[in-house]
Amino acid sequence: MKILYFAWLKTKLQMSAETVDWSEERADIDSLVRWMKARGPAFAEIFSDLEVVRIAVNQEYVTENIPLDDGDEIAFFPPVTGG
Amino acid sequence: MKILYFAWLKTKLQMSAETVDWSEERADIDSLVRWMKARGPAFAEIFSDLEVVRIAVNQEYVTENIPLDDGDEIAFFPPVTGG
Amino acid sequence: MIRVEREIFDIGAEIEALTAGRTDIGAVVSFTGLVRDFNDGSPVTGLTLEHYPGMTERELEKIENEARNRWNLQVSLIIHRYGDMALGEPIVLVVTASPHRQDAFDAALFLMDWLKTKAPFWKQETSTEGETTWVKERQSDFNAAHRWKSNT
Amino acid sequence: MIRVEREIFDIGAEIEALTAGRTDIGAVVSFTGLVRDFNDGSPVTGLTLEHYPGMTERELEKIENEARNRWNLQVSLIIHRYGDMALGEPIVLVVTASPHRQDAFDAALFLMDWLKTKAPFWKQETSTEGETTWVKERQSDFNAAHRWKSNT
């Protein structure tokens with residue numbers, strides 16, 4: 001699975017993209033987020049308040065838990081500020 | 001007093017401007033309009049329905065009866081259709 | 001700023017002139033009215049606009065001042081043409097600039113709504129047969145202007 | 001039509017290209033967002049816009065389609081820039097054209113309100129000291145977008 005980070009999430013994690021293998025413990029959005037939180041202090045901080053994290057799967061917003069596939073592109077980013 | 005006509009009032013009266021002397025029988029808007037009505041069939045028709053005639057004195061809309069002076073510019077025109 | 005003129009205007013150049021060299025403007029809204037080939041279901045081949053020189057400028061200035069009293073505008077412009085116009089040509093341009101987009105949008109719509117019912121312009125359309133007809137006022141324009149009435 | 005690009009756009013040329021040769025358009029509204037020298041009370045010396053290539057285009061297309069479903073639009077255009085921008089430069093352009101001015105105004109405001117809360121762009125401001133800060137979302141933008149929610 002391809003994971004993307006934007007804006008201050010990218011700055012805080014010092015990473016804009018990474019590849020994470022699909023596994024049973026990352027089989028859907030909720031479990032992926034739980035796994036993320038446990039990766040270290042920066043991850044824990046970012047994912048502690050999901051109110052300020054937007055999630056897109058394959059370039060579409062998701063607001064509910066959905067199952068993930070190995071080929072999915074999952075993006076985490078803050079509320080948008082364009083325009 | 002200078003009298004101006006615009007749009008279809010001008011077309012119907014075949015006149016865009018005229019000068020009318022001030023007199024006691026044309027001393028305010030209401031009496032001027034009464035005098036206009038009596039000038040002939042085209043005038044009578046135009047001034048029979050004051051809903052479709054707008055009046056300006058010295059380039060300001062008037063909606064109530066006001067006294068007129070000899071130097072005034074009085075304009076009669078239909079509802080505007082610009083923009 | 002208001003202008004009443006016969007010539008065609010250049011929308012881009014007008015907006016550019018208003019905002020050039022400024023870095024305090026966040027939002028610019030423009031409205032352009034164009035000559036349409038159809039009105040009230042009938043084909044139109046051309047348009048002539050008559051106006052009341054002198055009173056037109058006064059009314060446009062009043063309308064612009066009212067907009068600047070009601071909203072936080074940094075720049076405003078009304079250009080209205082008169083005379084003969086071909087299909088597709090611009091008739092009127094309104095530009096508003098503000099730190100905030102809602103003010104710029106509201107003010108531009110207000111300027112158009114009031115202009116439509118207050119500025120002394122009259123349209124005369126030419127039909128396919130070459131006949132000219134004075135355009136009738138619209139109830140919808142009256143209603144649109146009415147919603148901006150203040151309670152005072 | 002939507003475009004996501006790094007280069008500066010020319011507002012006048014864009015409007016001209018959309019309306020050239022057409023005689024059925026009565027009303028054109030444009031909105032331009034510019035880089036301001038102040039934001040939330042602090043001086044700003046420059047702006048960088050990050051976006052999510054691919055998703056940005058999808059979202060802008062969805063927003064444009066929604067506007068075309070809701071209003072009678074003959075033409076619509078969204079251009080949004082990304083990358084580094086100087087003070088006073090345009091960031092975003094929205095143009096709508098319709099036979100009727102209310103549709104053009106409503107659709108343009110809607111496009112901006114939805115774009116502000118849905119299109120994946122993020123602003124990073126540069127301060128006088130050269131520090132960069134990610135811009136915070138605004139509750140007012142969320143509220144503005146919310147009023148367009150359909151009841152379904």
Side-chain angles (χ1 to χ4, degrees), chain B residues 1-20 22 28-29 32-33 36 40-83, chain C residues 4 31-36 39-40 47-63 78-83 85 90-94 108-125 131-142 144-145:
Chain B
M1 303 186 289
K2 188 174 172 191
I3 317 279
L4 303 175
Y5 306 99
F6 292 97
W8 60 257
L9 274 68
K10 180 188 68 178
T11 311
K12 189 157 274 178
L13 296 174
Q14 299 180 288
M15 173 167 57
S16 62
E18 63 177 328
T19 302
V20 169
W22 186 92
D28 58 31
I29 288 291
L32 176 66
V33 167
M36 283 279 176
F43 285 97
E45 195 188 328
I46 285 171
F47 289 98
S48 66
D49 182 6
L50 287 175
E51 285 292 304
V52 298
V53 177
R54 299 287 175 271
I55 305 170
V57 173
N58 298 327
Q59 308 188 345
E60 302 275 352
Y61 285 104
V62 293
T63 52
E64 284 166 21
N65 191 27
I66 63 163
L68 296 172
D69 281 326
D70 196 30
D72 283 346
E73 174 178 300
I74 300 121
F76 297 105
F77 50 79
V80 302
T81 57
Chain C
V4 181
F31 174 90
T32 314
L34 305 166
V35 183
R36 285 178 63 197
N39 189 29
D40 288 333
L47 197 68
T48 303
L49 262 118
E50 184 180 346
H51 77 121
Y52 182 176
M55 182 167 173
T56 307
E57 288 81 356
R58 279 166 181 258
E59 283 298 314
L60 292 181
E61 270 165 16
K62 275 193 219 167
I63 295 166
I78 307 174
I79 303 178
H80 204 302
R81 292 177 64 208
Y82 62 91
M85 293 167 217
I91 307 167
V92 59
L93 175 67
V94 156
L109 181 55
F110 167 85
L111 287 171
M112 282 309 303
D113 284 346
W114 270 33
L115 184 159
K116 284 250 175 198
T117 56
K118 291 172 191 281
F121 288 95
W122 301 275
K123 285 185 182 136
Q124 198 173 29
E125 290 171 350
E131 282 171 23
T132 57
T133 320
W134 290 103
V135 172
K136 284 224 167 54
E137 74 275 17
R138 291 171 188 277
Q139 184 63 34
S140 60
D141 284 334
F142 176 82

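Labels below follow one simple rule: chain letters A, B, ... track the order of the sequence lines, proteins then strands, and each chain is numbered from 1. Only heavy atoms go into these numbers, but all of them, side chains included; no hydrogens, no water, no symmetry mates. As the structure is a prediction and not an experimental result, all values here were calculated from the model.
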May I ask you to name which of R138(C), Q124(C), M112(C), K118(C) has the most heavy-atom pairs under 4.5 Å with chain B?
K118(C)
Do any side-chain atoms of residues 73-83 of chain B form donor-acceptor pairs under 3.5 angstrom with protein atoms, and if so which ones, sequence neighbours left out?
from: E73(B); atom 1: OE2; to: Q59(B); atom 2: NE2; distance (Å): 3.2
from: E73(B); atom 1: OE2; to: Y52(C); atom 2: OH; distance (Å): 2.4
from: T81(B); atom 1: OG1; to: K123(C); atom 2: N; distance (Å): 2.9

With a 6.0 Å cut-off (strictly less than), is the heavy-atom count around CD of Q139(C), excluding the residue itself, greater than 12?
yes
Partners of E45(B) by side-chain contact (heavy atoms from CB on, under 4.5 Å), sequence neighbours excluded?
K12(B)
Spacing of CH2 belonging to W122(C) relative to OG1 belonging to T11(B), to within rounding of 0.5 Å
11.5 Å
Could you please spell out the steps behind the side-chain contact (heavy atoms from CB on, under 4.5 Å) verdict for M55(C) and Y61(B)?
CA-CA 9 Å; M55(C) 182 167 173; Y61(B) 285 104; 3.5 Å; yes
Go through the atoms of K136(C) and report whether side chain, backbone, both or neither lie under 4.5 Å from a heavy atom of chain B.
backbone
